[in-house]
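This report concerns only the one structure given below.
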Amino acid sequence: MTSALYEVNGSLIALVLFCSILLAIEGGYRLGRKKQVSASDPIKSQFSAIQGSLLGLVSLLLGFSFSLAVNHYDHRSKAMVEEVNAIGTTYLRAHSLPPTVKEETLDLLRKYVDVRVQASQITLADKVSREPLLREASQIRTKLWSLAMQSARDDDRVTTSGLYIQALGGLIDSYAARDEVLNRHIPEIVIISLLLTFILACGVLGYTSGAAGHRPTTPVFLFVAII
């Protein structure tokens with residue numbers, strides 16, 4: 001099931017994160033100004049160590065998140081190829097079906113391809129447009145299975161109806177596998193942890209700048225831009 005965070009527009013998340021980071025930097029800077037330290041003060045090295053640790057944690061979480069995202073992309077691509085191959089195999093084997101169901105089956109498979117292509121061009125967040133297509137695909141699969149059972153009654157040879165039913169089963173399984181992969185995301189807790197770590201790290205950057213007696217420098221804002 002899709003997590004709540006994935007229902008939110010990405011641009012809105014980016015805007016909220018950007019504003020939160022700027023507020024964290026400004027808040028950290030003002031707190032740091034109240035506790036200015038000299039360059040020789042031992043506590044300054046402690047600030048630097050904490051700052052470095054947080055930036056390292058940001059890098060670790062980013063690397064972890066990118067790794068999950070890349071693996072998920074690979075799984076999606078593999079699932080799509082498997083479904084395409086399953087549909088292609090089913091279409092080819094449908095040509096060997098008895099005349100009583102052959103043409104109707106081929107027409108339904110062509111329609112099924114159109115529906116699946118349309119569904120693949122709609123984002124997962126657009127449920128209003130996507131759900132009707134998924135229901136239509138499900139109805140087509142049900143009709144195809146009914147025709148396959150009729151085919152088995154009309155011609156029960158393994159080389160005709162038997163191979164087609166096997167291919168149709170693969171088509172149904174590949175749809176379920178792809179649907180499961182599409183609805184699997186990076187865990188929401190990982191994303192939230194990443195966002196909070198960004199904000200905390202930037203707050204510490206603002207604090208160390210304030211403690212040093214100056215406004216955050218250009219590299220700090222370049223860091224914000226990269227985030």
Side-chain angles (χ1 to χ4, degrees), residues 1-13 65-191:
M1 182 175 291
T2 303
S3 300
L5 189 63
Y6 287 94
E7 301 288 340
V8 182
N9 185 280
S11 299
L12 178 60
I13 294 176
S65 301
F66 270 100
S67 176
L68 286 175
V70 170
N71 287 335
H72 184 49
Y73 177 80
D74 289 340
H75 291 154
R76 282 189 175 191
S77 299
K78 182 180 178 181
M80 181 185 70
V81 171
E82 288 176 350
E83 183 179 16
V84 169
N85 289 337
I87 293 173
T89 301
T90 305
Y91 186 79
L92 289 174
R93 292 184 179 179
H95 287 82
S96 65
L97 292 174
T100 52
V101 297
K102 178 180 175 180
E103 290 305 321
E104 186 177 0
T105 297
L106 291 173
D107 288 341
L108 283 173
L109 284 170
R110 284 190 285 267
K111 185 177 180 181
Y112 185 74
V113 171
D114 291 339
V115 171
R116 294 300 290 140
V117 169
Q118 290 178 52
S120 69
Q121 295 172 342
I122 299 173
T123 63
L124 295 175
D126 188 2
K127 292 184 177 181
V128 174
S129 301
R130 186 176 171 79
E131 287 298 329
L133 292 173
L134 296 182
R135 284 196 298 270
E136 185 176 359
S138 178
Q139 292 168 359
I140 293 175
R141 288 194 301 273
T142 301
K143 292 178 182 177
L144 285 170
W145 189 257
S146 297
L147 288 173
M149 295 300 98
Q150 181 181 337
S151 171
R153 290 191 294 270
D154 296 341
D155 183 352
D156 60 358
R157 289 178 296 171
V158 174
T159 55
T160 54
S161 298
L163 289 176
Y164 170 75
I165 291 173
Q166 181 185 43
L168 181 59
L171 180 151
I172 295 171
D173 290 343
S174 66
Y175 168 83
R178 187 181 180 193
D179 186 60
E180 192 274 333
V181 170
L182 287 174
N183 286 291
R184 189 192 311 155
H185 299 283
I186 295 174
E188 196 173 43
I189 187 63
V190 174
I191 303 297

Full working for side chain to side chain contact (heavy atoms under 4.5 Å, CB included) between Glu83 and Ser120
CA-CA 12 Å; Glu83 183 179 16; Ser120 69; over 6 Å; no

Stepwise side chain to side chain contact (heavy atoms under 4.5 Å, CB included) check, Val81 with Ser77: CA-CA 6 Å; Val81 171; Ser77 299; 5.6 Å; no

Exercise for review: Go through the steps to decide whether Met80 and Arg76 satisfy the test side chain to side chain contact (heavy atoms under 4.5 Å, CB included), and finish with yes or no.
Suggested key: CA-CA 6 Å; Met80 181 185 70; Arg76 282 189 175 191; over 6 Å; no

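Salt-bridge annotation for Glu104 and Lys143: absent, with no side-chain N of the basic residue lying under 4.0 Å from a carboxylate O of the acidic one. Under a 4.0 Å N-O distance rule, the pair Asp107/Arg110 qualifies as a salt bridge.
Considering all non-hydrogen atoms of both residues, Ile140 and Val115 come closest at CD1-CG2, 4.1 Å. Across Pro98 and Ser161, no two heavy atoms sit closer than the pair CD-OG, 4.2 Å. Considering every non-hydrogen atom in both Val101 and Thr105, the closest pair reads O-OG1, 2.7 Å. When all heavy atoms of Arg157 and Asp155 are compared, the pair lying nearest together is NH2-OD2, 2.8 Å. Between Tyr164 and Ala148 the shortest heavy-atom distance is CE2-CB, 3.7 Å. Nearest heavy-atom pair, Ala167 versus Thr90, reported as atom, atom and distance to 0.1 Å: O-OG1, 3.1 Å.
The OG atom of Ser129 sits 10.5 Å away from the CD atom of Gln118 when rounded to the nearest 0.5 Å. Taken to the nearest 0.5 Å, the CZ atom of Arg116 stands 15.0 Å off from the NZ atom of Lys111. Atom CD1 in Ile172 sits 5.5 Å away from atom CH2 in Trp145 (nearest 0.5 Å). The CG atom of Leu68 sits 13.0 Å away from atom NE2 of His185, with the distance rounded to the nearest 0.5 Å. Taken to the nearest 0.5 Å, the CD1 atom of Ile122 stands 10.5 Å off from the CD atom of Glu131. In this structure, CZ on Arg141 lies 10.0 Å from CG on Leu168, to the nearest 0.5 angstrom.
The side-chain heavy atoms of Ile186 and His72, taken from C-beta on, include no pair separated by under 4.5 Å. With contacts defined as side-chain heavy-atom distances shorter than 4.5 Å, the pair Arg135/Pro132 qualifies. Considering only heavy atoms from C-beta on, Glu82 stays 4.5 Å or farther from Val181 through its side chain. The side-chain heavy atoms of Leu134 and Tyr175, taken from C-beta on, include a pair separated by under 4.5 Å.
Looking at Thr89, its side chain does come within 3.5 Å of a backbone N or O of Asn85 through a donor-acceptor pair.
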